[in-house]
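Reviewing the structure listed below.
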Amino acid sequence: MLKGKHIVVGVTGGIAAYKACELVSRLSKQQATVEVVMTEAATSFVNPETFQALSRNPVITSLFQSVKYWEIEHISLAQKTDAVIIAPATANIIGKIANGIADDFLSTMVMASTVPVVLAPAMNTQMYENPVLQRNLELLKSYGYHFVDPCEGLLACGDTGRGKMADPALLEEYLVSLLMPKQDLAGQRILITAGPTREEIDPVRYITNYSSGKMGYALAEMAQKRGALVTLVTGPCQIPVPEVNEVVSVLSTEEMLQAVMIRYEQQDAVIKAAAVADYRPADRAAQKIKKQDDSSMELTLVKNPDILWELGKAKNNQVLVGFAAETENLIENAASKMTRKNLDLIIANDLTQPGAGFNHDTNQVTLLYPDGHSQQIPFGEKKKIADSILDEISRLLDGKIV
Ligand code: PMT
């Protein structure tokens, strides 16, 4: 499962270091190239030769190499690896990484890494529940570090509680899911809309909204990673465009409608994450409207086409997914849109939730189905939420009558 993947296993000085032996063995059996980096404290728990035998690679500890050596080696190791997992991760290494301390090979290599870094904390319950440690965990999570949380159990110190390192089998599973994303959407053609639309008033003014495109772009990126042939129809956004099959840039709702409808027939699924303007100015002035002496100015707006409603009307075996951006009556409003627009799934977005909705890197949504059942997706990064939404769409596609 991990053939061709290069994984660095960092081992720090905790009694759970012995469990890292099983992890290294498992990863080697998955045909990953495993290199072990031990802290000095770890070498008093497990002999480096053990890891050398299990990984069939030299083990790196700061003990044996001069500073000159690891000043260079840590960069090259960081550059050639696909992921780093630190198991066990003591309070000490967590504190060092969270505070930018790089005073040994492992902490220096982590600082030089640009690949996913997974931490498997292991320590006494009181230490784990210490607010400083918890602050370090939250800080690292906000920077995108991955965690496989410790479980409850009998600890080396005789206490029972949270702090036991996660089982090596769980750590192996986490790495497989991280490095070998499932290809459950292989070959599926999915069109995703993202970002705002822009309704022009005159050559210098327009009406728009706060959508940044992050939610739609996350869906496009994760769907492509899972093997889908993704078409991204995007309004004007300022974030990097994900590498997908086709990107179509539009400005107005009418342009988005055209771009979506001419591609609809070929799609297996359509996800409408874009924030589409319901109205546009009745007239677009050819020249910049000059300021008048009057204290106010009237702007007549006319209704825009409802793209999702048009898609619902023309649906022919596609899986059709919409979003509902609400500030009140979330479930009722979302359910009514789902029915009116003939959707297979609607993602209800409560914009009043802190960290949810427009322009945040995070979101919190509830999935509603036509049969009345719903599923709350926990608050989290938009990419993680996109993955959960795609899990449901993958299930709907499996159930599709081909
Ligand atoms: O882009 P981000 O900054 O990451 O923000 C994400 C988001 C908040 C924009 C996104 O999560 C979201 O909620 N998108 C839907 C926004 C929206 O227009 O919701 P709505 O309730 O107004 O529209 C309901 C559905 O109909 C949406 O799928 C929308 O794409 C679609 N619609 C709406 C109006 C219209 N004229 N045509 C449409 O297709």
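Fair warning: this is a prediction, and the values are worked out from it, not measured in the lab. In listed order, ligands and their atoms are each counted from 1.
- Ligand 1 lies under 4.0 Å from heavy atoms of Ser211, Ser212, Gly213, Lys214, Met215, Lys272, Ala273, Ala274, Ala275, Val276, Ala277, Asp278, Pro305, Asp306, Ile307, Leu308, Gly322, Phe323, Ala324, Ala325, Glu326, Lys337, Lys341, Asn349, Gly357, Phe358, Asn359, Asn363, Lys382.
- Evaluation of the side-chain hydrogen bond (donor to acceptor under 3.5 Å, both in side chains) rule for His360 yields no partner, not counting sequence neighbours.
- A cation-pi contact, defined as under 6.0 Å to the ring centre and within 45° of the axis, links Arg198 to Tyr206.
- Side-chain atoms of Glu35 and Asn57 include no donor-acceptor pair closer than 3.5 Å.
- Side-chain N/O atoms of Thr39 and Asp104 include no donor and acceptor closer than 3.5 Å.
- Under the 3.5 Å distance criterion, with hydrogens and angles disregarded, no donor-acceptor pair is assigned to the side chains of Thr61 and Glu40.
- Residues Glu172 and Gln30 have side chains that bring a donor and an acceptor to within less than 3.5 angstrom of each other.
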